[in-house]
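Let me begin by presenting the structure, written as structure tokens, before commenting on it.
Ligands are counted one by one from 1 in listed order, and the atoms in each one are counted from 1 as well. All residue numbers in this chain count up from 1 along the given sequence.
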Amino acid sequence: MAFGLFLGLLCLPLLQPRNSLLFLSLAVFAALIPDIDSPDSKLGRKVVPLSHIFKFVFGHRGFFHSIFFPVLMFAGVLGIAFYSQAGYVYAYAVLIGALSHIFIDAITIEGVNLLSPVSRFRVAGFIKTNSLMELAVFVFLTVSCVVILVGVWFS
Ligand SMILES: [Zn+2]
């Protein structure tokens, strides 16, 4: 969520959505969605038994953590935005949020199957989940978000 917010904030000046709060909220929410394949996650706990079904069918960090899922979400929100006359820019918020989740998971030792279910191609990093390093990344992202927000607030 912190990385989704961070990337959303970085993209605000580029994409200039009419409603920045909606844009950032979508990015943060979309950052939760890939873990719908885990009944133990924030979102997964709220959508039991769906998360159990997704875990059984796709596996944790499978399709929902592949590059295909954010692209599919982007296309879906783009379609909704097109028909509802809302700004297509909000589809980018969803794309940014979902990609942020997959990127952050990809730098962990557990990694992600980036091309699931087409290929078993796996991307993994060096950060251990629930470690001091993970905490350091979280603190860095959170402080960066606060600095950017303060900068935006006073500009
Ligand atoms: Zn995940």
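- Closest non-hydrogen pair, Val71 versus Leu95, comes out as N-CD1, 4.3 Å.
- Within the structure, every pair that satisfies the side-chain hydrogen bond (donor to acceptor under 3.5 Å, both in side chains) test and touches residues 22-35, not counting sequence neighbours, is listed here: Asp35-His65, Asp35-His101.
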Under 3.5 Å, which donor-acceptor pairs link side chains of residues 138-148 to any protein atom two or more places apart or in another chain?
from: Thr142; atom 1: OG1; to: Phe138; atom 2: O; distance (Å): 2.7
from: Ser144; atom 1: OG; to: Phe140; atom 2: O; distance (Å): 2.7

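- For the pair Tyr90 (side chain) and Asn19 (backbone), a donor-acceptor distance under 3.5 Å is present.
- For Asp105, the salt bridge (Lys or Arg N to Asp or Glu O under 4.0 Å) criterion is met by Arg61, not counting sequence neighbours.
- Excluding waters, the count of protein N/O/S atoms less than 2.8 Å from the Zn ion (ligand 1) comes to 4.
- Between Phe74 and Tyr92, the ring center distance clears the sub-6.0 Å criterion.
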